[in-house]
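Note that ligands are numbered from 1 as they come in the structure, with each ligand's atoms numbered from 1 the same way. Note that these values count all heavy atoms, side chains included, but never hydrogens, waters or copies made by symmetry.
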Amino acid sequence: MKQNDLRADLSLVLVKPDAIQRGLAGEIISRLERKGLKIVAMKMLQMDKNLAQRHYAVHEDKAFFGGLVDFITSSPIIAIVFQGKEAVEVIRQIMGETDPAKAKPGTIRGDLALDLGCNLIHGSDSAENARKEIDLFFSQDEVLEYRRDIDKWLG
Ligand code: IDP
Ligand code: MG
């Protein structure tokens with residue numbers, strides 16, 4: 001799939017190490033899938049320090065940066081590209097606020113997490129960052145373009 005254009009319908013999700021360790025990967029992916037979002041790329045990997053530092057580069061001056069890099073590289077993750085109408089915004093809504101203690105019930109973080117560091121999921125925060133983040137984890141060939149028969153029922 002060509003990712004050169006800015007597309008608000010693509011977003012990168014990371015199912016973080018705490019989610020894999022707690023056996024919540026299926027639950028998290030399922031919530032996004034049931035919304036109607038389409039999985040167009042997915043892989044399990046263990047992030048190395050270099051990839052973590054590039055993925056979280058916007059936070060490199062923050063006090064929590066070192067801890068964040070240690071955490072995200074501590075155990076395998078699942079990286080997923082979701083496609084769907086307003087995917088970036090919709091996924092942020094389903095994730096809930098960054099701090100799970102403040103995230104609303106009904107959201108992934110609000111229902112399933114407590115701690116700011118162990119907040120289960122990453123989702124891109126803008127179309128521009130989504131494109132950059134997708135390029136960090138996937139080659140263009142790995143992002144698949146396909147139709148689902150059900151798409152006509154999702155509008
Ligand atoms: P987001 O994941 O909701 O987009 P960001 O502000 O981009 O939140 O922060 C990236 C990640 O860094 C968060 O998901 C969280 O795990 C961690 N984080 C953010 N702020 C803090 C903090 O103040 N202390 C410790 N960890 C933080
Ligand atoms: Mg963020």
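Among protein heavy atoms, the minimum distance from atom 16 (O) of ligand 1 is reached at Leu116 O, 3.0 Å. In terms of protein heavy-atom proximity, atom 4 (O) of ligand 1 is nearest to Arg92 NH1, 2.8 Å. Annotation: atom 5 (P) of ligand 1 to nearest protein heavy atom, His59 NE2, 3.4 Å. Atom 25 (C) of ligand 1 has its closest protein heavy atom at Phe64 CB, 3.5 Å. Protein heavy atom at the shortest distance from atom 3 (O) of ligand 1 is Thr98 OG1, 2.5 Å. Closest to atom 11 (C) of ligand 1, if we only count protein heavy atoms, is Leu68 CD1, 3.8 Å.
Side-chain atoms of Thr107 do not come within 3.5 Å of backbone N or O of Ala103 as any donor-acceptor pair. At least one donor-acceptor pair under 3.5 Å links the side chain of Lys43 to the backbone N or O of Phe137.
The cationic group of Lys38 lies under 6.0 Å from the six-membered ring centre of Tyr146 and within 45° of the ring axis, placing it in a cation-pi geometry.
Rounded to the nearest 0.5 angstrom, Glu133 CD and Leu136 CG are separated by 7.5 Å. Rounding to the nearest 0.5 Å gives a distance of 8.5 Å between CD1 of Ile80 and CG of Leu14.
The side chain of Lys16, and not its backbone, has at least one atom closer than 4.0 Å to an atom of ligand 1 (non-hydrogen atoms only; side chain from C-beta on). Counting heavy atoms under 4.0 Å from ligand 1, residue Asn119 touches it through the side chain alone.
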Working note: Lys132 + Asp135, criterion salt bridge (charged side-chain N to carboxylate O under 4.0 Å, His left out); need CA distance, chi angles, decisive distance, verdict. CA-CA 5 Å; Lys132 286 187 200 154; Asp135 285 345; over 6 Å; no
Take Lys104 and Asp111 through the salt bridge (charged side-chain N to carboxylate O under 4.0 Å, His left out) test and state the conclusion after the steps. CA-CA 8 Å; Lys104 293 204 171 60; Asp111 287 349; over 6 Å; no
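Within ligand 1, the atoms closer than 4.0 Å to a non-hydrogen atom of Arg109 are 1 (P), 2 (O), 3 (O), 14 (O), numbered from 1 in the order shown.
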